[in-house]
Amino acid sequence: MPKSRIRKKADYTPPPSKQATNLKLQSRGWVAPVMLAMFIIGLAWIVIFYVTDGSLPIHALRNWNIVVGFGFIAAGFGVSTQWK
């Protein structure tokens, strides 16, 4: 009986190593300034309201001025979610 041909196996080559990819987390340039501005505006709004005994910033809003100030602060936190 004739002997079958022997196939040569290719040399083992290990799979390419996985290199760590450098993810550069870059936030948009406007995020930090807008975030800080919202925080400062909200804080200033509330402080001005208390210092002037409710006559400023908008007298017609009365105690709703506090809600407006906290709204600015909440908007600042909303913008902060975009910061990387």
A.B. asks: Do the side chain of W45 and the main chain of N65 share a donor and acceptor less than 3.5 angstrom apart?
C.D. replies: yes

A.B. asks: With clusters defined by side-chain heavy atoms of hydrophobic residues (ILVMFWY) lying less than 4.5 Å apart, directly or transitively, does V47 cluster with I66?
C.D. replies: no

A.B. asks: Below 6.0 angstrom between ring centroids: does that apply to F39 and F72?
C.D. replies: no

A.B. asks: Run V51 and I48 through side-chain contact (heavy atoms from CB on, under 4.5 Å) and show every step you take.
C.D. replies: CA-CA 5 Å; V51 168; I48 289 171; 5.8 Å; no

A.B. asks: Should F77 and V34 be regarded as members of a common hydrophobic cluster, given that ILVMFWY residues are connected when their side-chain heavy atoms come within less than 4.5 Å of each other, either directly or indirectly?
C.D. replies: yes

A.B. asks: Please tell me whether Y50 and L56 are part of a single hydrophobic cluster in this structure, the criterion being side-chain heavy atoms less than 4.5 Å apart.
C.D. replies: no

A.B. asks: Could you tell me if the side chain of V68 sits less than 4.5 Å from the side chain of F49, heavy atoms only?
C.D. replies: no

A.B. asks: Treating Ile, Leu, Val, Met, Phe, Trp and Tyr as nodes and any side-chain heavy-atom pair under 4.5 angstrom as an edge, say whether I40 and V67 lie in one connected cluster.
C.D. replies: no

A.B. asks: Closest heavy-atom contact between M35 and S80?
C.D. replies: SD-CB, 3.2 Å

A.B. asks: Once you round to the nearest 0.5 Å, how far does CG of D53 lie from NE2 of H59?
C.D. replies: 11.5 Å

A.B. asks: Are I73 and F70 close enough that some pair of their side-chain heavy atoms sits under 4.5 Å apart?
C.D. replies: yes

A.B. asks: Measuring from atom CG of D11 to atom OG1 of T13, what distance do you get when rounded to the nearest 0.5 angstrom?
C.D. replies: 8.5 Å

